[in-house]
Amino acid sequence: MSELQEKLDAAIWSAHTLFQKGLVGGSTGNISFLHEYRMYISRSGSCFGRLRQEDFAQVDMQGTILYGKPSKEYPMHLALYQESEAYKAVIHTHSFYATVLSCYADAESHVRNLFAYTPYLFMQTKGNIPCVAYAPPGSDALFCHFKDKTKTKPKILLLKHHGIVAGAEDVYHAFDLIEEMESSAHVYAMLKSCPDEDIDFIPH
């Protein structure tokens with residue numbers, strides 16, 4: 001099996017599994033990976049649950065569309081790839097609890113509070129989860145806000161009133177980040193209503 005085929009299979013498995021787990025729905029979300037200095041990204045309007053290898057567009061590292069019609073949010077993926085060679089795959093979802101988290105007025109403080117309950121998200125991100133200011137999805141303003149937050153080379157970025165973006169060394173690690181962020185946000189939502197004296201917090 002070729003390296004490209006392995007990457008396509010990994011992306012398709014990840015997309016299908018995220019859909020089955022309810023971490024993405026309808027035609028929301030997008031997924032990409034790098035191969036031979038090209039970004040392969042799910043096409044505009046594609047559904048994670050039905051994603052096939054024919055559903056990947058190609059974009060070069062300068063942002064020129066080489067094949068197909070990529071997701072309108074491809075500039076966010078490209079911004080991470082241009083920021084660091086450490087990024088080889090990117091996944092963007094609107095998973096429920098992470099999106100709820102993104103709607104709090106002071107999302108930054110709530111993100112910091114995520115690390116108080118379980119250690120795993122902090123272990124994966126070192127506490128670096130920037131919050132990206134809201135702008136309409138697919139807009140140039142959103143892409144500018146997003147690019148401003150990539151300089152610290154985060155593995156996860158929280159998009160205000162929108163969802164999350166995870167970048168990693170391969171699709172499987174990006175998939176793991178999406179799951180861990182959603183799990184941590186879920187735990188946080190469940191415990192947020194409990195009195196502090198009833199919760200055992202993790203020291204950092």
Side-chain angles (χ1 to χ4, degrees), residues 1-83 86-100 102 124 132 136-139 142-143 146 150 154-159 161-183 185-186:
M1 183 184 297
S2 70
E3 181 182 358
L4 174 57
Q5 189 62 54
E6 289 180 354
K7 291 177 179 178
L8 283 165
D9 289 349
I12 291 167
W13 177 88
S14 297
H16 288 180
T17 305
L18 288 168
F19 186 86
Q20 290 161 7
K21 287 174 172 283
L23 298 182
V24 65
S27 60
T28 65
N30 30 78
I31 185 169
S32 72
F33 61 86
L34 289 186
H35 181 71
E36 294 184 350
Y37 306 105
R38 290 186 177 187
M39 174 173 68
Y40 287 71
I41 182 166
S42 51
R43 65 174 176 80
S44 177
S46 58
C47 170
F48 270 33
R50 301 190 300 273
L51 200 66
R52 304 166 301 166
Q53 62 184 51
E54 294 85 2
D55 292 323
F56 284 86
Q58 297 176 38
V59 180
D60 70 15
M61 290 297 95
Q62 288 70 50
T64 301
I65 298 173
L66 304 173
Y67 172 80
K69 183 181 180 182
S71 164
K72 66 182 178 182
E73 294 180 320
Y74 78 86
M76 290 196 300
H77 297 243
L78 192 62
L80 288 177
Y81 294 135
Q82 291 173 336
E83 182 64 41
Y87 298 110
K88 303 295 184 185
V90 175
I91 303 176
H92 167 48
T93 67
H94 306 163
S95 56
F96 181 80
Y97 287 99
T99 302
V100 169
S102 79
Q124 292 193 41
V132 178
S139 67
L142 175 60
F143 304 145
F146 185 88
T150 64
K155 292 185 176 181
I156 298 175
L157 299 96
L158 183 74
L159 310 179
H161 304 281
H162 190 153
I164 58 173
V165 175
E169 60 265 40
D170 58 43
V171 170
Y172 292 128
H173 281 88
F175 172 94
D176 291 344
L177 289 165
I178 294 288
E179 280 205 306
E180 190 57 53
M181 180 67 178
E182 181 66 4
S183 176
H186 192 169

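Contact between Met61 and Leu78 at its shortest, heavy atoms only, is O-CD1, 3.9 Å. Of all heavy-atom pairs between Tyr81 and Ala89, the closest is OH-CA, 3.3 Å. The shortest heavy-atom contact between Val24 and Phe48 is CG1-CD2, 3.4 Å. In terms of heavy-atom proximity, Cys47 sits nearest to Phe19 at SG-CE1, 3.7 Å. Across all non-hydrogen atoms, the minimal contact from Ile178 to Ile91 is CD1-O, 3.9 Å. The nearest pair of heavy atoms linking Val171 to Ala10 is CG1-O, 3.7 Å.
Between Leu142 and Met76, the closest side-chain pair of non-hydrogen atoms falls below 4.5 Å. The side-chain heavy atoms of Ser42 and Asp55, taken from C-beta on, include no pair separated by under 4.5 Å. Leu51 places a side-chain heavy atom less than 4.5 Å from the side chain of His16. Within the 4.5 Å cutoff, no side-chain heavy atoms of Phe175 are placed close to those of Leu23.
Met39 CE to Leu66 CG: the interatomic distance, rounded to the nearest 0.5 Å, is 9.5 Å. With values rounded to the nearest 0.5 angstrom, Met181 atom CE is found 14.5 Å from Tyr97 atom OH. To the nearest 0.5 Å, the span separating OG on Ser46 from CD on Glu54 amounts to 12.0 Å. A distance of 6.5 Å separates CG in Asp176 from CD in Gln124, rounded to the nearest 0.5 Å. Rounding to the nearest 0.5 angstrom, the gap separating the CZ atom in Phe146 from the CG atom in Leu157 is 4.5 Å. The distance from atom CZ of Arg50 to atom OG of Ser27, rounded to the nearest 0.5 Å, is 8.5 Å.
Between His77 and His92, the ring centre distance reaches or exceeds 6.0 Å.
Without hydrogens or angle criteria, Ser102 side chain to Thr99 main chain gives a donor-acceptor distance under 3.5 Å. Of the possible polar contacts, one joining the Thr17 side chain to the Trp13 backbone as a donor-acceptor pair under 3.5 Å is found. At least one donor-acceptor pair closer than 3.5 Å links the side chain of Thr28 to the backbone N or O of Gly25. Remark: side-chain polar atoms of Ser44 are not paired, donor with acceptor, to backbone N or O of Ser71 under 3.5 angstrom. Checking side-chain atoms of Glu73 against main-chain N and O of Pro137 turns up no donor-acceptor pair under 3.5 Å.
Qualifying side-chain hydrogen bond (donor to acceptor under 3.5 Å, both in side chains) partners for His173, counting only residues two or more places apart in sequence or in other chains: Glu169, Asp170.
Ring-plane geometry between His94 and His162 is classed as perpendicular, the angle between the planes exceeding 60 degrees on a 0 to 90 degree scale with a lower cut at 30. The aromatic rings of Phe33 and Tyr40 sit parallel, their planes meeting at an angle under 30°, below the 60° perpendicular limit.
Between Glu182 and Lys21 there is no salt bridge, since no side-chain nitrogen of the basic residue lies less than 4.0 Å from a carboxylate oxygen of the acidic one.
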**Message:** For a side-chain contact (heavy atoms from CB on, under 4.5 Å) check, start with the C-alpha distance between Glu36 and Glu3, then their side-chain angles and the critical distance, and finish with the verdict.
**Reply:** CA-CA 10 Å; Glu36 294 184 350; Glu3 181 182 358; 6.0 Å; no
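None of Ile156, Leu80, Thr93, Asn30 except one satisfies the side chain to side chain contact (heavy atoms under 4.5 Å, CB included) rule with Val165; the exception is Leu80.
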